[in-house]
Structures are given as C-alpha cells and as structure tokens.
J.: 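Can you read through this structure? Questions will come right after.
As the structure lists them, so they are numbered: ligands from 1, and atoms in each ligand from 1. Counting from 1, the numbers follow the sequence of the chain as shown.
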Amino acid sequence: MAAPLPLAPDSADPTFTELLAARPALSMHAHDGLLMDEVPLARIAAEFGTPTWVYSAGTLRRRYRALKAALDAAGLDASIHYATKANDNQAVLRVLRAEGAGADIVSAGELRATMAAGIPAGVTVFSGVGKTPGEIRFALEAGIFQINAESAEEIEVISAIAAGLGLRAPVSLRVNPDVDARTHAKITTGRAENKFGIAFEDAHALYARMAALPGIRPIGIATHIGSQITDGMSAYRAAYARLAEMVRGLRAHGLPVERVDCGGGLGIPYRDEIAPTPEALAGAIKATLGGLGVPVMLEPGRWLVGPAGVLLSAVVLQKQGAARRFLVLDAAMNDLVRPAMYEAWHGILPVSPLAHVAPLSPADVVGPVCESGDTFAKGRVLPAMAPGDLVAFLDAGAYGAVMSSTYNARPLAAEVLVDGARAALVRVRQTHEDLLAHQRLPEWFTP
Ligand SMILES: *Cc1c(COP(=O)(O)O)cnc(C)c1O
C-alpha cells in the first residue's frame, strides 16, 4: 500500500454509506466485504475473474413488482414491455418474463433474443427509426403484437410487406410530442429536431392514411420522449396530454384507437438525483390518459435493470502522477461506455471492508484504453488501493454490457447472475481466440 493519503476534501458526492443505504441489493459485511444479495462480490471475482457484470435476480423481481403494483394501484389497465436494449442477457430476460413482462425490441436480433428467452412475439413491440424490410417481415411472420411506425415512408413499406404476407400489420404511430424531457442531449428523443417519431401536426393525417392501406390495422399511438428522465413529471404529463388530445381527435373522425403506448425513460438516481417514482408516473398517466378507456403500455428499460447490476473490476495499479492520483482498473470504456459517452456518473464502491474505514483522498479512476476519454471518474474520493483490490461500479445493469465493444482487442466481459445465495455465469467471458475467430484473410493476400 502507498503511504497514507491526506483526508478527503469536501465533496458533493454521496458517501459510501449513503450509496449503500440507497441500494437494497448491496450490503457491507464486516468480513466478506461488499455483498450482492447474499453473495460476496470478492467470491465472484475469485471464481469468474474481472471485469465482470453482476446482476441481482431479486432486484429485477422487486423492481418489476413495484412498477406493476404502482400501475395497478392507480387503477390502470397497463402492460409492461421491457426495453430489451437496456440489457439483453437471456437470464435477465427470463427473470423479467417470469414476472409477466412483455418486450420492446428495436432489431431482429433483439426479437430473436426475446423469443429465445420465452417472450412471445405476441407480447412484443417493435420500435425504431430504421427497421429494414427483412426485419419487418421477420416480426410479422413471428406474430408481433405491435409495430411502432416512425415515418410516412415506413408505413408504406410495412403495408406492402404485410399485404404480401396476406396480413394486416398491427401498427401504432410513434408521435413526437415536441416536449423537452430535460435529460442529456444524447438521450432525449421527444423534441421536434430529434430523428424519432412523427411530428404531432402530421400524425392525424398519417393515421387516416394507415386506415386506408390494405396491409395495416391502425391500433393506436405511441411516444417515447427520452431516457433517464429525472426532472419530475412535467415532460411526461405534457407529452401524454398531447397524446390524449390526439386520441380524442382521431376518434372524432371515426378512427379507432385501441391502445396508447407511453414509452419508457423513467430515470434512476445514479448520484443524488431525485428520481420520480413509479407511483408518480402512474399518476401522470392516469391524469392524462385515464379517461380514454384504453389500455396503456409502458416500455421501461433502465428503471427495471439499471440498479440491478454492478460492474466488478480490479485495480491494475495505483499511479501517483505529478498532479493527481490515478486508479488504473482492468475495466475500461469498452466495457462501461456511459461515462465517456454521456458524462455519466456511476458510484464506485471498494469491495474490501477495510477500504471502508481507510483514509480517503481524490483519485481519477481510469481504464487502460488508449484514449483520454477512458476515464470513469475524476477526483473521486476513494481510499488508497493496491493491485488486485476490487471495486464495483453501481447501477451498471442498464446500457452497460449491451454497449460494450472490443476496442483495444479487449474481450467482452463475463456476466453473472446472483439469486439469493447462488451465483452463476450467464455469459462466458470472451477469449482472445473468439476475437480472431471471425477474421479472414483474402486468398490473394501474400505478405
Ligand atoms: C430506449 C427505449 C426505451 C427504454 O428507455 P429507458 O430510458 O431505458 O426506459 C423505451 N422505448 C423506446 C422506443 C426506446 O427506444
């Protein structure tokens, strides 16, 4: 260990104790260190290596049930379609399916993943601005519950494909309500300038057009205004009020609306954000759409799975630079890209119980990738750490493993599911051989 470091300066960051208190899946054991549910994270690192994603089945279930209970308590006829892109691990999908979740998918690959996990296409919504004809055909043949159309051009394509199959595709129109969800620019989707959905002014005419097409059965309208929404309910309310207005307008013209899809986006507290509750969301839906007598759908991703996962990583070395201390980890931006991509803040907890009573000082927490952007945190208050010491990145269950790459020829990390006192590998760590396996040299290549 390095020489004792000076005491922590003032920091606005939550303390270790505060981070732990807000995360029921995690606890500190005096001997075993940080636990996820009943499993010491140190044991997972010893058994499966690092970096490794670890997910809590209990937390997934608890969160799904809390969301369902809030919707039920508001008296809503609501179905939950988990946004698969947040975490498409088969074990995660199966835990949520066992709770009753349907799916929201954005590609044929995700439809294959959800079907493989036992989620029927008949409870799955297909979203996305660039569905290919092949993907649309595959979804229709599989019996997709609903396609959310995002443009006039796409509606014509869906109709032609469905008519060719002798079907009428169940299509909802994704409306862009032009509200500001006041989240990070890269994850806001409901402004007029975003690529998503159909402008509110054009939606009515397009809905009528859908009703006139041979291959389309218009079933409703949908929206999704952005992700990591923590700014209260005002954006949701504004968006849903516009949807309600549109439903009334469509009905006044004799156009049927069977259901309304409210999208996802509910935020979680990563640092000290006051995130809205599922009860608040249910209340906003009830207040705006409740009087229409239509079932509503939700497409939550992050809220369900984010807090259920951590990224477990080991310290490679602690480097004392001229001006600052660096903790160099074996995880990098290719594993967890959110800090580099969205300036996202993730809690970082040492796994060892000793680290929780050691003196603290600021450190820059970085990965080994050859980019300055490979920085997880700057000036984070942490104890001195030695090679092999473990840390857990909190709230890494959503947009974590799914966004990984193999940049710097770094194999994709392993994934582990914890359920009570049990832990098992749910995705094998990639090997260097795997990285090379799909490369080919041209026959004509002579070095
Ligand atoms: C990404 C996405 C979601 C899920 O967003 P979260 O912020 O993870 O809840 C839901 N619906 C659509 C259409 C999406 O693109």
J.: Have a look at Ala222, Gly128, Ala83 and point out the one with the heavy atom closest to atom 4 (C) of ligand 1.
T.: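 Looking at heavy atoms only, the winner is Ala83.
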J.: Looking at Tyr270, is Arg302 sitting on its ring face, NZ or CZ under 6.0 Å from the six-membered ring centre and within 45 degrees of the normal?
T.: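 The answer is no; the distance or angle limit is not met.
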J.: Does ligand 1 come near enough to Gly301 that some N or O of the ligand is less than 3.5 Å from an N or O of the residue?
T.: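 Yes, since at least one N or O of Gly301 sits under 3.5 Å from an N or O of ligand 1.
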J.: For Ser27, check side chain to side chain contact (heavy atoms under 4.5 Å, CB included) against everything at least two apart and list the hits.
T.: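 Partners of Ser27 under the side chain to side chain contact (heavy atoms under 4.5 Å, CB included) test: Leu35.
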J.: Pick one of side chain, backbone, both or neither for how Pro300 approaches ligand 1, counting any non-hydrogen atom pair under 4.0 Å.
T.: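 Just the backbone.
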J.: Measure the distance from atom 11 (N) of ligand 1 to every protein heavy atom, then report the residue, atom name and distance (to 0.1 Å) of the closest one.
T.: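 For atom 11 (N) of ligand 1, the nearest protein heavy atom is Glu299 OE1, 2.5 Å.
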J.: Could you tell me the residue and atom name of the protein heavy atom closest to atom 8 (O) of ligand 1, and the distance to it rounded to 0.1 Å?
T.: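 The closest one turns out to be Tyr399 OH, 2.5 Å.
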J.: Tell me the nearest of Ala398, Gly265, Gly263 to atom 6 (P) of ligand 1, using heavy-atom distances.
T.: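 It is Gly265 that holds the nearest heavy atom.
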J.: Looking only at protein heavy atoms, identify the closest one to atom 7 (O) of ligand 1 and say how far it is in Å.
T.: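 Protein heavy atom with the smallest distance to atom 7 (O) of ligand 1: Ser227 OG, 2.3 Å.
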J.: Where is the tightest heavy-atom contact between Ala57 and Val95, given as atom of each residue plus distance?
T.: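 Minimum heavy-atom contact is O-CG1, 4.0 Å.
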J.: For the aromatic rings, using the six-membered ring if either is Trp, is the centroid distance between Phe145 and His81 under 6.0 Å?
T.: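 Aromatic pair counts; centres sit under 6.0 Å.
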J.: I need the atoms of ligand 1 closer than 4.0 Å to a non-hydrogen atom of Arg174, numbered in the order shown.
T.: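 Once the distances to Arg174 are compared, the set is 13 (C).
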J.: Just need the protein heavy atom nearest to atom 1 (C) of ligand 1, so name the residue and atom and give the distance.
T.: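 Closest protein heavy atom to atom 1 (C) of ligand 1: Lys85 NZ, 1.2 Å.
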J.: Would you check if Leu281 and Tyr240 make a side-chain contact, meaning some heavy-atom pair closer than 4.5 Å?
T.: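 Leu281 reaches Tyr240 side chain to side chain.
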J.: Just wondering, more than 12 heavy atoms not from Arg251 lying within 6.0 Å of its CZ?
T.: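 Buried by this count: over 12 neighbours within 6.0 Å.
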J.: Between Phe376 and Leu336, does a side-chain contact (heavy atoms from CB on, under 4.5 Å) hold up when you go through it step by step?
T.: CA-CA 9 Å; Phe376 292 116; Leu336 178 64; 4.0 Å; yes
J.: Which atoms of ligand 1 are found less than 4.0 Å from any heavy atom of Arg302?
T.: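 Per the distance check, 6 (P), 8 (O), 9 (O).
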J.: In the structure I gave you, are the side-chain heavy atoms of Asn408 and Asn334 within less than 4.5 Å of one another anywhere?
T.: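 Not in contact.
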J.: Between Trp303 and ligand 1, which part of the residue brings a heavy atom under 4.0 Å of the ligand: side chain, backbone, both or neither?
T.: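 Neither part.
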J.: Enumerate the atoms of ligand 1 whose separation from the nearest heavy atom of Ser127 is less than 4.0 angstrom.
T.: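 Ligand 1 atoms under the 4.0 Å threshold to Ser127: 13 (C).
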J.: Mind checking whether His224 contacts ligand 1 via backbone (N, CA, C, O), side chain (CB onward), both or neither, at a 4.0 Å heavy-atom cut-off?
T.: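 Contact part for His224 vs ligand 1: side chain (C-beta onward).
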J.: Of the backbone atoms (N, CA, C, O) and the side-chain heavy atoms from C-beta on, which set of Asp104 has a member under 4.0 Å from an atom of ligand 1: side chain, backbone, both, or neither?
T.: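 For Asp104, only side-chain atoms sit under 4.0 Å from ligand 1.
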J.: Would you say the side chain of Pro350 lies within less than 4.5 Å of the side chain of His356, judging by non-hydrogen atoms?
T.: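 His356 reaches Pro350 side chain to side chain.
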